[in-house]
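One structure is given below, encoded as structure tokens.
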Amino acid sequence: MTTTKAALGAVVLRVPALTDFDRDPLALIATGDLLRVNADEGKVEGWRAPR
């Protein structure tokens, strides 16, 4: 869930932002993982960091 302040900040700073994920991204992404966010297409790709 995005707060109003976070959404406004993304718009003002022109930062790509996505909301309403199918799964909780914080449960899936670990420190060091790499992500590519394409907000125009609504896609997030990720790669696991070497463990």
Side-chain angles (χ1 to χ4, degrees):
M1 184 168 154
T2 303
T3 65
T4 306
K5 288 180 182 181
L8 179 59
V11 170
V12 169
L13 296 174
R14 297 182 182 188
V15 174
L18 297 171
T19 62
D20 302 323
F21 289 97
D22 294 336
R23 294 181 279 171
D24 179 9
L26 297 178
L28 301 171
I29 301 166
T31 299
D33 289 351
L34 301 174
L35 298 177
R36 178 182 295 144
V37 178
N38 185 333
D40 292 330
E41 294 182 18
K43 291 183 181 179
V44 177
E45 297 175 277
W47 298 268
R48 291 271 177 222
R51 308 246 190 278

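Computed from a predicted model, the values in this text were never measured in an experiment.
Closest approach of T31 to A49, counting heavy atoms only: O-CB, 4.4 Å.
Residues V44 and L28 do not share a hydrophobic cluster, defined by chaining ILVMFWY side chains whose heavy atoms lie under 4.5 Å apart. Note on V37 and F21: same hydrophobic cluster, where clusters join Ile, Leu, Val, Met, Phe, Trp and Tyr whose side-chain heavy atoms are under 4.5 Å apart, directly or indirectly.
For R14, the CZ atom sits in a loose shell: 12 or fewer heavy atoms of surrounding residues, nucleotides or ligands are nearer than 6.0 Å.
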